[in-house]
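Take a look at the structure below.
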Amino acid sequence: MGNLLKVLTRDIENYPHFFLDFENAQPTEGERDVWNQVNSVLQDSESILSGLQAYKGAGQEIRDAIQNPNDFMLQERAWNSVCPLVIKLKKFYSFSLRLEEALQSLLECLTCPPFTPTQHLEREQALAKQFAEILHFTLRFDELKMRIPAIQNDFSYYRRTISRNRINNMNLDIENEVNNEMANRMSLFYAEATPMLKTLSNATTNFVTENKTLPLENTTDCLSTMASVCKVMLETPEYSSRFSSEDTLLFCMRVMVGVIILYDHVHPNGAFNKSSKIDMKGCIKVLKDQPADNVEGLLNALKFTTKHLNDESTPKNIRTMLHPSLQAFEICRTCKPSSLQKASHEMPRLLTAVKAHTMDTYQPYMTELWKQHLETNERGSIKNCLKASLQSLI
């Protein structure tokens, strides 16, 4: 196994597509050194995910301590509960630094001259598989982290207590493990909604910045080609049927989303621009064709962790594919009573989407709709319905 098979499509000249054997690729002698280095990091990834999944937090202990500030036993109980958790959070953060170093090693191999990124992927499938595994881990980690608000609560309590004890000239043993500088860096890391993805985005950007003699296209072409690889494997039964496990399909989806996000952060124009080498419409369609439970987190990652989605240069159809509720606003732009009637039916779903996600994404549309359409008189009850609904949100 390990062969890279070219897939012929109508866009092959502009968007090279390949089938990568993500399940069986093995390193060649030329890949061995880097593969071993990266593998020493990846072999710890499952234990990191298991540790995060088992994270319970010290919410009750912290609440008891805050509500009873003079009860020494409750203060001690909260502190003794939080300290092991902070050590665990440090382990997760330290792993992100190792992952960042591994990613940069892979980028060096997959983008360096004289071969093109496409040739590298064909020759060095085992490294391409490790690159994909890093992205797969990253999105799994961030999906779990977003469901655990206790992480930031625990760490905030730890920092407050450390600061209070420092003022009282008390030395705590845990500061040997997590000193003030480490705590500051960890605080920035966990403040991110998707900290591992942010780490990889920064690592990729730094890689491009630090390697000034390496053309930017070498890095972006590597990412866009990986996105095309995954898209073709997902949408082509002939190729997806080659995998022995359905988990590989979810693997491909996560990898595709991960490289899109990295591309969007590294390329000056982003992934959503018409000039992008990634077929964004096709990639989003592939995701939406999957079971909703499998892709909700991935679609949210594209919505909320990319850099250029809301740029003016992003085609409206792409933005609407990711934010279906924006169709109500686009309908209202037409100024036709029949269209406004349709928009009013969309309003409950629109309000739910806005409240469930973020105001920032919808605010420009709300403001424009408010100014251009809602002050006209001929819309009657529909106008009042839209106006009253939007007014509760603006």
Side-chain angles (χ1 to χ4, degrees), residues 4-5 7 9 11 15-25 42 45-46 49 52-53 99 103 106 121 125 128-147 193-194 196-198 200-201 204 222-265 270-272 276-306 309 318 321-324 357:
L4 194 65
L5 305 176
V7 180
T9 71
D11 296 324
Y15 303 102
H17 298 299
F18 300 92
F19 180 86
L20 283 170
D21 190 355
F22 282 143
E23 292 182 331
N24 303 294
L42 286 173
S45 62
E46 286 302 321
L49 289 173
L52 180 62
Q53 197 161 19
L99 204 67
L103 178 73
L106 289 174
L121 291 174
Q125 284 197 54
K129 179 174 179 284
Q130 286 185 319
F131 185 80
E133 288 171 340
I134 287 177
L135 293 167
H136 183 242
F137 163 83
T138 295
L139 289 176
R140 289 172 69 197
F141 181 95
D142 287 344
E143 284 173 11
L144 286 173
K145 187 265 180 184
M146 283 191 287
R147 298 176 191 152
T194 52
M196 284 291 179
L197 200 52
K198 180 67 173 177
L200 294 197
S201 295
T204 308
C222 176
L223 300 175
S224 62
T225 301
M226 285 287 287
S228 296
V229 166
C230 296
K231 170 179 169 290
V232 168
M233 289 193 291
L234 289 166
E235 70 184 359
T236 310
E238 177 184 353
Y239 296 103
S240 60
S241 63
R242 296 183 182 212
F243 297 124
S244 61
S245 170
E246 290 187 6
D247 289 343
T248 308
L249 296 178
L250 183 55
F251 178 92
C252 289
M253 285 185 267
R254 284 201 176 103
V255 173
M256 181 178 73
V257 170
V259 289
I260 288 171
I261 293 169
L262 291 185
Y263 183 101
D264 192 58
H265 280 262
F272 301 94
S276 168
K277 290 188 177 181
I278 296 178
D279 175 14
M280 284 305 307
K281 183 177 180 180
C283 289
I284 296 170
K285 184 179 183 302
V286 163
L287 290 176
K288 292 202 162 191
D289 287 342
Q290 310 302 320
D293 290 345
N294 289 346
V295 299
E296 182 181 3
L298 299 178
L299 290 170
N300 284 337
L302 288 177
K303 294 176 191 176
F304 305 122
T305 65
T306 47
L309 173 61
I318 298 297
M321 286 181 75
L322 286 174
H323 293 290
H357 297 299

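Across all non-hydrogen atoms, the minimal contact from Ala271 to Ser276 is O-OG, 2.9 Å. Of all heavy-atom pairs between Met226 and Ala132, the closest is CE-CB, 4.2 Å. Closest heavy-atom contact between Leu121 and Ala128: CD2-CB, 3.6 Å. Shown here for Leu135 and Leu262, the closest heavy-atom pair between the two residues is CD2-CD1, 3.7 Å.
Atom CD of residue Glu296 and atom CG of residue Asn300 lie 5.5 Å apart, to the nearest 0.5 angstrom. Ile134 contributes atom CD1, which lies 12.5 Å from atom CG of Leu139 (distance to the nearest 0.5 angstrom). To the nearest 0.5 Å, the span separating CG on Leu298 from CG on Leu287 amounts to 6.0 Å. The structure places CD1 of Ile278 at 9.0 Å from OG1 of Thr225, a figure rounded to the nearest 0.5 Å. Distance SG/Cys230 to CE/Met233: 4.5 Å, rounded to 0.5 Å. Put simply, CG on Leu106 and NZ on Lys129 are 12.0 Å apart, with the number rounded to the nearest 0.5 Å.
In this structure the side chain of Tyr263 reaches within 4.5 angstrom of the side chain of Lys277, judged on heavy atoms. You'll find the side chain of Glu46 reaches within 4.5 Å of the side chain of Arg140, heavy atoms only. Two residues are said to be in side-chain contact when any heavy atoms from C-beta on lie closer than 4.5 Å; Leu322 and Phe272 meet this criterion.
In terms of modelled atom types and a separation under 3.5 Å, the side chain of Ser241 and the main chain of Glu238 share a donor-acceptor contact. Using modelled atom types, one side-chain atom of Thr236 and one backbone atom of Val232 make a donor-acceptor pair closer than 3.5 Å. Side chain of Lys145 to main chain of Met196: no donor-acceptor pair is present (N/O by atom type, distance under 3.5 Å, no hydrogens or angles).
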Test side-chain contact (heavy atoms from CB on, under 4.5 Å) applied to Thr194 and Ile261, step by step: CA-CA 12 Å; Thr194 52; Ile261 293 169; over 6 Å; no
Working note: Leu309 + Leu302, criterion side-chain contact (heavy atoms from CB on, under 4.5 Å); need CA distance, chi angles, decisive distance, verdict. CA-CA 8 Å; Leu309 173 61; Leu302 288 177; over 6 Å; no
The test is side-chain contact (heavy atoms from CB on, under 4.5 Å); show your working for Leu200 and His265 and say whether it passes. CA-CA 10 Å; Leu200 294 197; His265 280 262; over 6 Å; no
Working for side-chain contact (heavy atoms from CB on, under 4.5 Å), residues Phe131 and Leu223: CA-CA 10 Å; Phe131 185 80; Leu223 300 175; 3.6 Å; yes
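Heavy-atom neighbours of Gln53 CD from other residues, nucleotides or ligands within 6.0 Å: at or below the threshold of 12. When the shell of 6.0 Å around CG of Asp293 is examined, it contains 12 or fewer heavy atoms from other residues, nucleotides or ligands.
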In a table with atom names and distances, give each donor-acceptor pair under 3.5 Å that connects a side chain of residues 247-260 to protein atoms at least two apart or in another chain.
{"from": "Thr248", "atom 1": "OG1", "to": "Glu23", "atom 2": "OE2", "distance (Å)": "2.7"}
{"from": "Thr248", "atom 1": "OG1", "to": "Ser245", "atom 2": "O", "distance (Å)": "3.3"}
{"from": "Arg254", "atom 1": "NH1", "to": "His136", "atom 2": "NE2", "distance (Å)": "3.3"}
{"from": "Arg254", "atom 1": "NH2", "to": "Glu143", "atom 2": "OE1", "distance (Å)": "3.2"}

